[in-house]
Amino acid sequence: MHIMEGFLPHPWWEIWFALSLPVLAYGVYKMNRMIKESRETLPLLAVAGAFVFVLSSLKLPSVTGSCSHPTGTGMGAIIFGPWITSVLAVIVLVYQAVFLAHGGLTTLGANVFSMGIAGPAVGYLVYRAASRSGLHLYLSVFLAATLADWATYLMTSLQLALAFPAASGGVYASFEAFAAVFAITQVPLAAVEGAVTALMFKYIVQLRSDVLVRMNVVSEKAVARLREAAA
Amino acid sequence: MKIGSGMSLEAIVLGLVLLFIAAFAYTASTGIHEWSGADSQAEGVISDLTGGAYEPWYSSIYEPQSGEIESLLFALQAAVGSLIIGYFLGYYRAMARARAASGAAERDGKKDA
């Protein structure tokens with residue numbers, strides 16, 4: 001989903017910066033407040049950030065004969081919401097832009113918006129809706145992380161389509177062309193990311209369900225249900 | 001008390017990963033593919049859409065000098081992430097065990113008194 005350095009023309013790169021910066025600023029503010037209020041969230045924050053680090057470093061082959069990478073942002077979105085997750089994503093995106101020539105500094109605003117904001121927002125909403133509807137906790141996590149991953153790549157396709165509308169067919173035709181590259185490649189990757197995130201979430205629930213309950217991520221009832229199922 | 005300690009989720013995830021590998025093996029065996037990155041393929045689409053007219057107006061401030069150096073930096077990224085995850089999950093696990101042990105010791109102590 002990295003839009004390469006220099007590949008977003010004026011005014012698009014500025015627009016995406018303008019949209020991402022306020023979210024990032026609020027994310028930093030929320031993160032600081034959360035850490036100050038409850039130190040116990042700090043290890044989970046580190047784990048969620050590290051999870052983005054690991055997953056976004058893995059370029060995986062897909063059924064389309066090309067490679068792409070998962071995002072790892074689903075976990076952060078579920079536990080901390082999209083604001084704070086945008087800060088986790090920007091750390092990885094800057095590292096990759098500076099050291100790996102993946103993405104870029106001029107396209108950072110757009111890449112933060114897709115991977116750090118749009119994807120996590122979708123993941124967060126899906127998780128809230130699914131877990132509230134009484135769906136099994138791990139299935140909710142799977143769906144949220146899978147769709148967060150996929151939404152990230154659809155957002156990238158849209159960003160590129162807006163910047164490069166086709167001569168005939170305009171933005172929509174362009175979107176189809178970019179989505180043909182990103183969206184189909186991403187389907188199996190997104191599913192694997194969802195599964196791995198669900199597993200990771202299971203281990204966190206096993207070890208620190210108390211913190212997750214206090215943060216309103218999982219309900220007391222859901223934890224009790226999992227406990228019964230395991231007994 | 002352990003929660004959801006059954007191995008069913010692990011089995012499902014393992015199954016999905018195996019399916020993923022099988023899909024890769026099948027794709028690889030049925031044609032010649034470049035396995036290039038989707039990010040760079042998007043560059044191709046941009047070139048098609050603009051008739052090759054678009055020139056990136058800024059280039060990366062640093063590019064890994066070779067594929068080896070690039071994979072070093074990617075591996076470093078994964079290693080740092082794994083280290084942090086492993087450290088905290090291990091820390092939590094040991095804490096839970098220590099708490100359980102001291103709780104048991106306290107109960108035993110009360111029985112003796």
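Reminder, nothing fancy here: chain letters follow the sequence lines and each chain counts from 1. Please read these numbers as outputs of a predicted model, since none were measured by experiment.
Note: Ile46(B) leads Val13(B), Ile46(B), Thr27(B), Val17(B) in heavy-atom pairs under 4.5 Å with chain A. Residue with the most contacts toward chain B among Gly103(A), Ala191(A), Ala195(A): Ala195(A) (heavy-atom pairs, distance under 4.5 Å). In terms of non-hydrogen atom pairs under 4.5 Å with chain B, the most contact-rich of Leu199(A), Leu60(A), Leu137(A), Ile204(A) is Leu199(A). By number of non-hydrogen pairs under 4.5 angstrom with chain B, the leading residue of Ser68(A), Pro165(A), Ala46(A), Ala97(A) is Ala46(A). The candidate with the highest count of non-hydrogen atom pairs below 4.5 Å against chain A, out of Val45(B), Val80(B), Asp48(B), is Val45(B). The choice from Leu100(A), Leu105(A), Val54(A), Val47(A) that makes the most heavy-atom pairs within less than 4.5 Å of chain B is Leu100(A). Highest contact tally toward chain A, considering only Ala42(B), Ala75(B), Ala23(B), is held by Ala42(B) [criterion: heavy-atom pairs under 4.5 Å]. Across Asp39(B), Leu73(B), Ile84(B), Leu49(B), the residue that shares the most heavy-atom pairs under 4.5 angstrom with chain A is Asp39(B). When Ala96(B), Gly37(B), Ala78(B), Ala38(B) are compared by the number of non-hydrogen pairs under 4.5 Å with chain A, Ala38(B) comes out ahead. Highest contact tally toward chain B, considering only Val92(A), Leu8(A), Leu44(A), Thr107(A), is held by Leu8(A) [criterion: heavy-atom pairs under 4.5 Å]. Heavy-atom pairs under 4.5 Å with chain B peak, among Thr64(A), Ile3(A), Thr106(A), Val192(A), at Thr106(A).
In this structure, the portion of Met1(A) lying under 4.5 Å from any heavy atom of chain B is its backbone and not its side chain. Interface remark: Phe24(B) contributes side-chain atoms only to the contact with chain A (heavy atom separation under 4.5 Å). Neither the backbone nor the side chain of Gln186(A) comes within contact range of chain B; no heavy atoms are under 4.5 Å apart. Using a 4.5 Å cut-off between heavy atoms, Tyr95(A) touches chain B through its side chain atoms alone. With a 4.5 Å cut-off on non-hydrogen atoms, Gln77(B) touches chain A through its backbone and its side chain both. With a 4.5 Å cut-off on non-hydrogen atoms, Tyr54(B) touches chain A through its side chain but not through its backbone. Looking at Thr50(B), only its side chain comes within 4.5 Å of chain A, counting heavy atoms on both sides. Contact annotation for Ser157(A): neither backbone nor side-chain heavy atoms come within less than 4.5 Å of a heavy atom of chain B. Contact annotation for Ser60(B): both backbone and side-chain heavy atoms come within less than 4.5 Å of a heavy atom of chain A. Looking at Phe74(B), both its backbone and its side chain come within 4.5 Å of chain A, counting heavy atoms on both sides.
Here the rule is side chain to side chain donor-acceptor pair (under 3.5 Å) with His102(A), and of Lys59(A), Glu5(A), His2(A) only Lys59(A) fits it. If you run side chain to side chain contact (heavy atoms under 4.5 Å, CB included) between Ile78(A) and each of Val217(A), Thr73(A), Val218(A), only Val217(A) comes through.
Under the 30°/60° scheme for interplanar angles, the aromatic rings of Tyr138(A) and Phe201(A) are found to stand perpendicular. Using the six-membered ring where Trp is involved, Trp57(B) and Trp13(A) have ring planes that are tilted, between 30° and 60° apart. In this structure, Tyr92(B) and Phe88(B) have tilted ring planes: the angle between them lies in the 30° to 60° band. Classification of the Tyr172(A)-Phe175(A) ring pair by plane angle, with boundaries at 30° and 60°, yields tilted.
For Trp150(A), the CH2 atom counts as loosely surrounded, since its 6.0 Å shell holds 12 or fewer non-hydrogen atoms of other residues, nucleotides or ligands. More than 12 heavy atoms of other shown residues, nucleotides or ligands fall within 6.0 angstrom of atom OH in Tyr62(B). In Leu18(B), the CG atom is crowded: over 12 heavy atoms of neighbouring residues, nucleotides or ligands sit closer than 6.0 Å. By the 6.0 Å contact criterion, CD on Gln65(B) is enclosed, its count of non-hydrogen atoms from other residues, nucleotides or ligands being greater than 12.
Ser114(A) and Tyr153(A) are not linked by any side-chain donor-acceptor pair at a separation below 3.5 angstrom, with hydrogens and angles left out of the test. Under the 3.5 Å distance criterion, with hydrogens and angles disregarded, no donor-acceptor pair is assigned to the side chains of Thr71(A) and Ser56(A). Looking only at atom types and distance, the side chain of Gln41(B) has a donor-acceptor partner in the side chain of Ser36(B) under 3.5 Å away.
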